[in-house]
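Everything quoted here is computed from the prediction, not taken from an experiment.
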Amino acid sequence: MTSPRRVCILGSGNWGSAIAKIVGSNVTKFDEFENEVRMYVYEEMVEGRKLTEIINTNHENVKYLPGKKLPENVVAVPDVVEAAQDADVLIFVIPHQFIKRICQPLIGKLKPSTVGISLIKGFDNKEGGGINLISHLIHDVVNIPVSVLMGANLAGEVADEKFCETTIGCRDVEIGRMYRNLIQTDYFRVVVVDDVEAVEVCGALKNIVATGAGFVDGLGYGDNTKAAVIRLGLMEMIKFCEVFYPGSKLGTFFESCGVADLITTCYGGRNRRIAEAFVKTGKSIVELEKEMLNGQKLQGPYTAAEVNHMLKHKNMEDRFPLFTAIHQICLGGLLPAGMIDCIRNHPEHM
């Protein structure tokens, strides 16, 4: 019999903590996992105490997931190398802007058999005008196979154990089964598919569309207008996969990672909320992120910039007018009211 797998979670924001709550509970139900789950926590002082000390003593992430108890076998570790030591499974759930910095110290320190799964939504800019999937970036840095998990999973609702679904993209059937055991509960249902790139692209692009939905809310338009943004956004997401990741399956867009996550994020979530405030207050995205997110990071505007970086380089901005307009509004190059013109004049309506 193979020895039990040691699991490490890299990241401890609200989503990382919600997943830690699930994983900490699940590892005790299966012999294939070690009972202790280490969680890398960026050390911060909260009311005069170290955050790791609070988590390990009170079993609660008081900063990012207050009021929710974490299992006692989840151990907060402030050093990333120590947290990941001897890990067989790494769960990546850090803001995508910090991946290189956090993964760099792990180079050459992981077991050859280690596998990873990314819950991170976004892209990374490549030199020469392209973009890189986060799972590919992690693989390139630490040289382990990386699967992805994306879905309609607002962290607070998952932590409250309200029923939801999620999608895991994994090409290895056995590893996919292991991830399902590690993450599925009676309130958090997992579907495993092998269309890894499309699953991940959906998770990144929907944050751009949610930013557009927030602009529409800020302008005072109703649900009919927002539905148009969602529909046109989905069309551009599908086209993006067709153009840049050929071979993606249309059915993947009807999994939780696709249309479900898109709808959820366009009605809830931080990207929609900040975009609405951007229109109503006239403050910058950066200011609002600092004011409203309690140290969490925004993804939509940054992802829009990364996508635009590539579209511009390939002279394809006009093929993705919604993504392009959202990016321009975030930069201040287009007034928020330009969203409505973009929807009205979208090629889908011509």
Side-chain angles (χ1 to χ4, degrees), residues 1-13 15-43 52 55-56 70-96 98-120 124 132-150 166 168-184 190 192 194 196-197 199-200:
M1 183 184 162
T2 55
S3 55
R5 289 182 165 104
R6 174 179 281 278
V7 180
C8 167
I9 300 169
L10 295 177
S12 57
W15 187 209
S17 299
I19 283 295
K21 187 170 176 283
I22 288 174
V23 169
S25 171
N26 276 3
V27 293
T28 63
K29 298 173 187 171
F30 295 93
D31 292 338
E32 66 178 306
F33 302 113
E34 279 193 16
N35 272 11
E36 183 185 83
V37 175
R38 289 187 195 153
M39 177 169 72
Y40 164 66
V41 175
Y42 176 76
E43 192 69 280
T52 52
I55 292 171
N56 291 334
L70 297 175
E72 294 191 8
N73 58 324
V74 174
V75 178
V77 180
D79 179 88
V80 70
V81 175
E82 187 187 333
Q85 190 174 11
D86 296 327
D88 300 287
V89 181
L90 292 177
I91 300 173
F92 293 87
V93 57
I94 46 186
H96 79 280
F98 302 145
I99 289 164
K100 288 178 190 165
R101 195 180 82 203
I102 288 170
C103 288
Q104 214 84 43
L106 300 177
I107 295 172
K109 305 267 175 63
L110 302 175
K111 298 200 278 199
S113 57
T114 302
V115 296
I117 184 166
S118 168
L119 281 60
I120 303 165
D124 181 59
N132 203 3
L133 294 177
I134 296 300
S135 62
H136 293 183
L137 172 64
I138 295 169
H139 173 267
D140 292 346
V141 176
V142 293
N143 196 28
I144 62 172
V146 184
S147 301
V148 296
L149 180 150
M150 305 282 152
T166 201
I168 288 178
C170 179
R171 289 197 176 85
D172 184 307
V173 174
E174 274 305 299
I175 298 293
R177 180 200 61 77
M178 180 270 293
Y179 284 135
R180 187 191 280 126
N181 287 347
L182 186 60
I183 291 167
Q184 180 162 271
V190 172
V192 183
D194 63 3
V196 181
E197 280 78 13
V199 171
E200 185 167 3

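Val115 has its side chain out of reach of Asp172: every pair of non-hydrogen atoms, C-beta onward, lies at least 4.5 Å apart. Considering only heavy atoms from C-beta on, Lys100 comes within 4.5 Å of Leu137 through its side chain. Looking at Phe33 and Leu182, their side chains come closer than 4.5 Å, going by heavy atoms from C-beta outward. Looking at Ile99 and Val141, their side chains never come closer than 4.5 Å, going by heavy atoms from C-beta outward. Looking only at side-chain heavy atoms (C-beta outward), Ile102 and Tyr40 come within less than 4.5 Å of each other. Residues Leu119 and Trp15 are in side-chain contact: their nearest non-hydrogen atoms beyond the backbone lie under 4.5 Å apart.
Contact detail for His96 and Ile134: the closest heavy-atom pair is CB-CD1, 3.7 Å. Considering all non-hydrogen atoms of both residues, Leu70 and Ser17 come closest at CD2-O, 3.4 Å. The two residues Pro71 and Ser25 come nearest to each other via the heavy atoms CG-N, 3.8 Å. Considering every non-hydrogen atom in both Gly24 and Val37, the closest pair reads CA-CG2, 4.2 Å. Contact record, Val148 with Glu200: CG1-OE1, 3.3 Å, taken as the closest heavy-atom pair. When all heavy atoms of Ile138 and Ser118 are compared, the closest pair comes out as CD1-CB, 4.0 Å.
Of the inter-residue distances, the one linking Cys8 atom SG with Glu82 atom CD reads 10.5 Å to the nearest 0.5 angstrom. Put simply, CG on Asn26 and NZ on Lys21 are 11.0 Å apart, with the number rounded to the nearest 0.5 Å. Here the straight-line distance linking atom SG of Cys103 with atom NZ of Lys109 works out to 12.5 Å at 0.5 Å rounding. The CG atom of Asn181 sits 11.0 Å away from the CG atom of Asp31 when rounded to the nearest 0.5 Å. If you take CG on Leu149 and OG1 on Thr166, they are separated by 3.5 Å, rounding to the nearest 0.5 Å. In this structure, CE in Met39 is found 4.0 Å from CD1 in Ile55, a value given to the nearest 0.5 Å.
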Query raised in the report: When you look at Leu10 and Leu106, which way does the side-chain contact (heavy atoms from CB on, under 4.5 Å) test go after all the steps?
Result: CA-CA 11 Å; Leu10 295 177; Leu106 300 177; 3.9 Å; yes
Query raised in the report: Is there a side-chain contact (heavy atoms from CB on, under 4.5 Å) between Ile168 and Arg180 once you walk through the steps?
Result: CA-CA 8 Å; Ile168 288 178; Arg180 187 191 280 126; 5.6 Å; no
Report task. Determine, step by step, whether Glu197 and Arg171 satisfy the salt bridge (charged side-chain N to carboxylate O under 4.0 Å, His left out) criterion, reporting the C-alpha distance in whole Å, the side-chain angles of both residues, the deciding distance to 0.1 Å, and the verdict. Result -> CA-CA 11 Å; Glu197 280 78 13; Arg171 289 197 176 85; 2.4 Å; yes
Can you list, pair by pair, the side-chain donor-acceptor contacts under 3.5 Å of residues 83-94, counting residues two or more places apart and other chains?
from: Asp88; atom 1: OD1; to: Lys111; atom 2: NZ; distance (Å): 2.9
from: Asp88; atom 1: OD2; to: Arg6; atom 2: N; distance (Å): 2.7

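Take Thr52 and apply the side-chain hydrogen bond (donor to acceptor under 3.5 Å, both in side chains) test, not counting sequence neighbours, and it matches Glu43.
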